[in-house]
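Encoded as structure tokens, the structure appears first; notes follow it.
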Amino acid sequence: MHVIVARDSAGRFSLRLPDGDRAADGGITADGPGSAADPGTGADGASTDAPAIVPATLSAEDLAALATRLESRQPRWVLPSVERDYPALVACGVRLRRCHDLSLVEGLLLAFDGEHTRSRSLAAAYARVRGLAPPAETEHVAAPDEQPALFDPQSSGLPADVDPAEAAEVVLADQQARLGRLDTSGRLRMLAAAESASALAAVEMSADGLPWRSDHHEALLTELLGPRVPAGSRPAALAALAQRIDEAFGRPVNPDHPESIVRAFGRAGIAVPSARAHVLRRLDHPAVAPLLEYKELARLHAAHGWAWLDQWVRGDRFRPVYVVGGVVSGRWATRGGAALQIPRVLRGCVRADAGWKLVVADAAQLEPRILAALSGDRRLAEVCRSPDLYTSLAGELHPGAATEHRPNAKIAMLSAMYGGTAGEAAATLALLQRRFPAAVSYVEHAAATGERGEPVRSRLGRTSPPPSEAWRDLTGGDGAEDAARRASRDWGRFTRNFAVQASAADWTAVLLATLRRRLPEPAHLVFFVHDEVLVHAPAELADAVLTCLAESVAETTRLVFGPACPVEFPMPATVVDSYADAT
DNA sequence: GACTTCGGCGCC
DNA sequence: AAATGGCGCCGAAGTC
């Protein structure tokens with residue numbers, strides 16, 4: 001059963017229920033949602049239920065009440081955009097179980113057809129179905145500190161005479177038809193469902209927030225930087241380091257300005273290509289130590305200092321806005337807060353509430369395992385049976401000397417997936433190719449496809465974007481010039497990585513969907529970053545969460561790679577009070 | 001003053 | 001022989 005939810009320009013919601021349940025056009029406003037039929041207990045027993053009587057438009061609160069009743073029928077909720085429309089419902093206490101995000105699915109389908117740049121919005125999708133001119137894009141980009149708006153006053157972009165719910169119904173039908181045409185394996189439909197469920201999880205995580213102890217954060221800043229100073233001035237520790245740097249060079253040098261650091265070393269008779277930390281670390285000069293320390297602390301101050309704390313943490317919760325589908329590969333992005341880059345030094349600030357625990361779980365070496373599953377490389381799958389894939393891999397490459405060669409094996413594997421060829425990894429890479437021909441040829445094929453300007457797809461059907469016109473112009477000739485060859489290779493590296501990274505994003509999207517569904521209330525997801533999840537749970541439920549996690553991982557692997565998948569995906573989890581205590 | 005670009009570095 | 005992938009965000013400097 002699909003239930004379509006749309007919002008009009010005034011921020012009111014309207015609903016479309018399946019035909020048997022649909023209220024007369026215009027609804028029965030006198031009754032309000034309280035009179036909506038209680039759907040009963042039949043899983044799909046629409047025919048046994050009294051017709052739903054739904055007003056033409058509803059407030060978020062009214063919709064919330066209705067949604068909670070309808071949930072017992074386990075409908076699939078169809079939303080024009082979960083990111084935009086769901087926060088208002090979550091704020092009213094609603095949790096939807098299943099959904100179809102029209103914008104995200106539109107994005108997946110457009111990308112599948114190589115149309116990555118066309119708008120995914122409901123209005124644009126509707127215009128394409130109806131053959132109308134595309135709407136003017138009025139993409140709303142929230143200001144960094146903007147709370148999710150309950151009522152976004154901007155228009156949907158739909159023609160004034162089109163009911164948003166009607167448009168959503170039309171676009172849903174169109175998407176289902178396209179999925180039916182394109183999706184012979186069912187994988188794209190699975191991706192659509194998983195991506196939509198991930199979007200629900202993202203909004204819920206923003207609403208719940210990541211437990212964040214401001215007092216710990218402040219204490220740490222004071223300890224490392226000195227007392228808080230007004231924005232724009234240097235804390236005591238940074239000022240002292242800057243002075244030591246000046247003294248070491250014998251003249252004033254701005255440590256925040258890389259070029260002046262390079263110049264200062266030049267005057268001291270040391271030529272450096274840049275002021276990067278790994279370059280400086282190799283130098284023998286008294287300014288190096290204070291410079292490295294300055295860089296590290298200045299970074300903390302600028303990126304996660306008092307200003308960040310003021311802006312992003314309220315009531316001991318960090319609430320970033322996650323952008324599902326924000327990266328072409330399917331990884332998430334965030335809007336503000338640098339949520340996917342929480343530095344290790346601050347992880348002690350992430351602490352469970354009293355009586356609660358954090359369950360921290362990380363998919364170990366996810367990408368090489370994904371590659372093993374994608375390529376069907378039996379020997380690599382065998383290597384994946386070990387929880388420490390890289391040691392196992394090193395043992396396979398260098399029998400009897402696994403531990404010694406682990407670092408090299410890791411670099412070689414990453415080079416294979418990222419397209420690196422340089423340095424000492426080259427020899428190991430060649431060895432990798434001999435021992436794991438199926439896996440290596442899989443990524444080589446993805447690279448060659450990209451070098452020709454053709455798209456590659458993930459396991460579930462995420463599709464790499466076409467290269468730019470400039471790229472085609474550059475590579476259009478006989479490919480003899482250096483620039484053309486370089487552009488071609490660059491794009492090959494991108495598609496090589498895309499095949500693996502996007503398939504990893506498939507796997508994690510399904511994991512989020514399955515885990516979210518299984519978690520016992522009131523345990524809930526509070527953080528997700530590429531291959532790692534944090535669940536906040538009452539202490540007595542921590543073991544149950546671990547069980548859910550293990551079941552979700554097994555289900556995810558089965559769904560994405562089939563029941564006979566020989567590759568194991570360990571996801572070791574720890575139950576901790578503080579994120580810093582998770583290994 | 002608002003904007004963009006660059007170097008740099010945090011995370012995966 | 002060979003420039004390893006994806007992001008977000010900062011300050012400084014350059015541009016308009």
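In what follows, every chain begins at residue 1, and chains take the letters A, B, ... in the order their sequences are listed.
- Taking a 4.0 Å limit (strictly below) on heavy-atom distances, residues 272-281 of chain A reaches DNA chain B at Ser274(A), Ala275(A), Arg276(A), Ala277(A).
- Residues Arg118(A) and Asp113(A) are not paired through a salt bridge, judged by the lack of any N-O separation under 4.0 Å between the basic side chain and the carboxylate.
- For Arg369(A) and Asp531(A), the salt-bridge test fails: no basic side-chain N is under 4.0 Å from an acidic carboxylate O.
- The side-chain hydrogen bond (donor to acceptor under 3.5 Å, both in side chains) check on Asp388(A) picks up Thr391(A), Arg406(A), with sequence neighbours excluded.
- Side-chain contact annotation: Thr463(A) with Arg457(A), donor-acceptor N/O pair under 3.5 Å present.
- Judged as a salt bridge (charged side-chain N to carboxylate O under 4.0 Å, His left out), the pairs with a partner in residues 569-583 of chain A (not counting sequence neighbours) are, in order, Lys357(A)-Asp577(A).
- Using a distance-only test at 3.5 Å, with no hydrogens or angles considered, a donor-acceptor pair links the side chain of Ser375(A) to the main chain of Asp377(A).
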Under 3.5 Å, N/O pairs linking protein and nucleotides 8-11 of chain C:
residue	atom	partner	partner atom	Å
dG8(C)	O4'	Gln341(A)	OE1	3.0
dG8(C)	N2	Arg299(A)	NH2	3.3
dG8(C)	N2	Gln341(A)	NE2	3.4
dG8(C)	N3	Gln341(A)	NE2	3.1
dC9(C)	OP1	Gly336(A)	N	2.7
dC9(C)	OP1	Gly337(A)	N	3.3

Which side-chain N or O atoms in residues 431-442 of chain A pair as donor and acceptor under 3.5 Å with protein atoms at least two apart or in another chain?
residue	atom	partner	partner atom	Å
Arg435(A)	NH2	Glu396(A)	OE2	2.8
Ser441(A)	OG	Pro437(A)	O	3.0
Ser441(A)	OG	Ala438(A)	O	3.2

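- Ion pairing between Arg486(A) and Glu481(A) fails under the 4.0 Å rule for side-chain N and carboxylate O.
- Considering only residues two or more places apart in sequence or on other chains, Trp212(A) meets the ring pair (Phe, Tyr, Trp, His ring centres under 6.0 Å) condition with His217(A), Trp308(A), Phe318(A).
- For residues 223-232 of chain A, proximity to DNA chain B is found at no residue, defined as any non-hydrogen atom under 4.0 angstrom from a strand atom.
- Listed for the Ser392(A) side chain is a donor-acceptor partner under 3.5 Å among the backbone atoms of Val383(A).
- Taking atom CD of residue Glu367(A) and atom P of nucleotide dT4(C), one finds them 17 Å apart after rounding to whole Å.
- Taking atom CG on Asp482(A) and atom P on dA1(C), their separation rounds to 17 Å, with Å as the unit.
- For DNA chain B, the span of nucleotides reached by chain A at under 4.0 Å from its heavy atoms goes, 5' to 3', from dG7(B) to dC12(B).
- In this structure, Ile342(A) reaches the sugar-phosphate backbone alone: every heavy-atom distance under 4.0 Å involves primed, P, OP1 or OP2 atoms, never a base.
- The nearest whole Å value for the distance from the CZ atom in Arg485(A) to the P atom in dA3(C) is 12 Å.
- Heavy atoms of other residues, nucleotides or ligands lying less than 6.0 angstrom from CZ of Arg489(A) number 12 at most.
- Between the CZ atom of Arg486(A) and the P atom of dA3(C) there is a distance of 9 Å, given to the nearest Å.
- Annotation for His445(A): atom NE2 does not count as buried by contact number, only 12 or fewer foreign heavy atoms lying within 6.0 Å.
- Between Ala505(A) and Ser329(A) the shortest heavy-atom distance is CB-O, 3.6 Å.
- Pairs passing the side-chain hydrogen bond (donor to acceptor under 3.5 Å, both in side chains) check and including a residue from residues 265-281 of chain A, sequence neighbours excluded, do not occur.
- For the pair Gln365(A) CD and dG5(C) P, the computed distance is 22 Å after rounding to whole Å.
- Between Asp215(A) and Arg213(A) there is a salt bridge, since at least one side-chain N of the basic residue sits less than 4.0 Å from a carboxylate O of the acidic one.
- If you check residues 430-466 of chain A against DNA chain C, you find no residue with a heavy atom closer than 4.0 Å.
- Within residues 487-509 of chain A, the residues having any heavy atom under 4.0 Å from DNA chain C are, by residue number, Arg493(A), Phe494(A), Asn497(A), Gln501(A).
- In summary, the side chains of Ser488(A) and Trp471(A) do not present any donor paired with an acceptor at a separation below 3.5 Å, with no hydrogens or angles considered.
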Mind running side chain to side chain contact (heavy atoms under 4.5 Å, CB included) on Leu104(A) and Val82(A) for me, showing each step along the way?
CA-CA 9 Å; Leu104(A) 285 176; Val82(A) 168; 5.7 Å; no
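- Every side chain to side chain contact (heavy atoms under 4.5 Å, CB included) that Pro258(A) has, sequence neighbours left out, goes to Ala275(A).
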